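These figures come from a predicted structure and were not determined experimentally. Heavy atoms only: backbone and side chains are in, while hydrogens, waters and symmetry mates are out. Residue numbers begin at 1 in each chain, while the letters A, B, ... track the order of the sequences.
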2 protein chains.
Amino acid sequence: MNPDSESDAAAHLELFPSGHSTAASANTVLPEATVRRLTSYLRALDLVNEEQTTVSSQGLAEAAGTNSATLRKDLSLMGTYGRRGVGYDVKLLRELLENTLGLNREWRVMLVGAGNLGRALAGYAGFSSHGFRFVGVVDNNPDLVGMKIHDLDVSSSDKISAIVTEHRANLAVVTVPGAAAQHVVDELVEAGVRNILSFAPVRVTVPAGVTVRRVDVAREIQMLAYFAVAGGGMDK
Amino acid sequence: MNPDSESDAAAHLELFPSGHSTAASANTVLPEATVRRLTSYLRALDLVNEEQTTVSSQGLAEAAGTNSATLRKDLSLMGTYGRRGVGYDVKLLRELLENTLGLNREWRVMLVGAGNLGRALAGYAGFSSHGFRFVGVVDNNPDLVGMKIHDLDVSSSDKISAIVTEHRANLAVVTVPGAAAQHVVDELVEAGVRNILSFAPVRVTVPAGVTVRRVDVAREIQMLAYFAVAGGGMDK
DNA sequence: ATTTGTGAAATTATTCACAGCT
DNA sequence: AGCTGTGAATAATTTCACAAAT
């Protein structure tokens, strides 16, 4: 199973069950590890020299923190054609990655939870530059309702459904405490949201067809602690 | 290589190179995937009934979102002994997990970046409850210097080294913009910090022996977008 | 009667290495 | 000569399935 994804929506069937899966094009779902690296490749593309119109698997892989064989395998899964002896066209590759990742669409994001974390995310440039636009913010703290966060009015939490509908939100970011998370997610799902990024430190359950990805900060710092102790990065 | 870890410090040698790696006890470094799940098991333990003194691999795995075989394999890597026909002792298992993950130590955490994200993390209860204590906060925004964040005074960024030394910080959390990240990390490393959790959206380079774990929020939302599109969770 | 611990099998992911194109 | 695309080889991880323990 998928370690960070909490629904079955990401665990997919092979659409060409038998042998001939050569150059799968956009039909097969890519492995999660590959998708993770695709985001790195996209970011690494920003680092290539402005004048450079082409980039080698070697060069890009280094910037992205992998090796060239992995990169070529990854790209070949999307049916990409670089040019032998030359490399990959930078512009084309960026488009391919953006299309594959679904960043060419408009994602209308509903933010639930307007605390420090929510505010940090609402202001994060890395979202807006890739098609993610916040269309609504709610919080159940009355002190926050009415405040403005990056041009958006904070509404009361009982408006979730209305706002999702009005702005046709197709993605939600949840930054509420663990105790509130399941309830909030239920409401979002009920309102029709099928894609949720949750920062709450609990596992939530959702119906089939809904994907929840979780960012678990506590887990990350715990894993850091483990490798520090096990790997000798612990002083005294 | 390790997808989320940016130094070699987490990629370790097998300490018993040849065959007999049965019941590895605390000597071998665990696979990253196992460590990730250990954090889930620890969290799932909080969900077991107060009166329940023992838990089965089946029950705990379900709460943690895996299957029982994986859980038993994971625990067996730490040389654990549950009791056949009975299960695992809840209290003992929690201790084992905390010890293994290094959560029984005191982690003195230096926070660099006191923006919304930094403040959110400084106030996050999930840290303090597992041995992570913030000992200093710096920011290079003069407006923030002198402010208090959860009992800590925000200092100017040029105090990094002094504060790390004074409080013997052994872990740092970095929430600065990408452009500042490498510089900040260099200073932390120079000051002796060997374990860094970075939220900056860039890859940083560090000397061998220093571990950087990165939490990349942009990546997570992009991956969510991919699975939404590829998996049919995209309306219209 | 349960439930662990673990070899063996199956599956998945990564890396090698080189033929084939430019 | 340089660099991709990809089968084949290797490595890592997960799952099966059952003997051993209580």
Review point. What is the nucleic acid contact for Ser68(B), judged by heavy atoms within less than 4.0 Å: base, sugar-phosphate only, or nothing?
Key: nothing
Review point. What nucleic acid atoms does Thr80(B) come within less than 4.0 Å of, heavy atoms only: base, sugar-phosphate, or nothing?
Key: sugar-phosphate
Can any side-chain N or O of [X] pair as donor or acceptor with the backbone N or O of [Y] at less than 3.5 Å?
X	Y	result
Trp107(B)	Phe127(B)	no
Ser57(B)	Leu71(B)	no
Ser128(B)	Arg133(B)	no

Euclidean distance, atom [atom1] of residue [X] to atom [atom2] of [N] [Å, nearest integer]:
X	N	atom1	atom2	value
Arg84(A)	dA17(C)	CZ	C1'	14 Å
Arg36(B)	dA12(D)	CZ	C1'	15 Å
Gln58(B)	dT15(D)	CD	P	13 Å
Leu77(A)	dT4(D)	CG	P	16 Å
Leu92(B)	dT4(C)	CG	C1'	15 Å
Arg72(B)	dA20(D)	CZ	P	16 Å
Leu30(B)	dT14(D)	CG	P	13 Å
Leu60(A)	dC3(D)	CG	C1'	14 Å

Review point. Nearest nucleotide by nearest heavy atom, which residue falls closer to the 5' end of DNA chain C, Thr66(A) or Val86(A)?
Key: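 Between the two, 5'-proximity favours Thr66(A).
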Report yes if at least one side-chain N or O of [X] is closer than 4.0 Å to OP1 or OP2 of [N]; otherwise report no.
X	N	answer
Tyr81(A)	dG20(C)	no
Ser57(B)	dT4(C)	yes
Asn67(B)	dT15(D)	yes
Ser56(B)	dT3(C)	no
Thr70(A)	dT14(C)	no
Arg37(A)	dT14(C)	yes

Check your understanding: In terms of heavy-atom contacts, does CD of Glu190(A) have more than 12 from other residues, nucleotides or ligands at under 6.0 Å?
Key ->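 Counting other residues, nucleotides and ligands, CD of Glu190(A) stays at 12 neighbours or fewer.
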Check your understanding: Out of dT14(D), dT22(C), dC16(C), which nucleotide sits closest to the side chain of Ala69(A)?
Key ->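 Selected nucleotide (nearest to the side chain): dC16(C).
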**Study point:** Donor/acceptor link under 3.5 angstrom from Lys73(A) side chain onto base of dT6(D)
**Key:**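 In this structure, the two groups form no donor-acceptor pair.
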Practice item. Run the salt-bridge test on Arg94(B) and Asp46(B) with the 4.0 Å N-O cut-off and return the result as yes or no. Key: yes
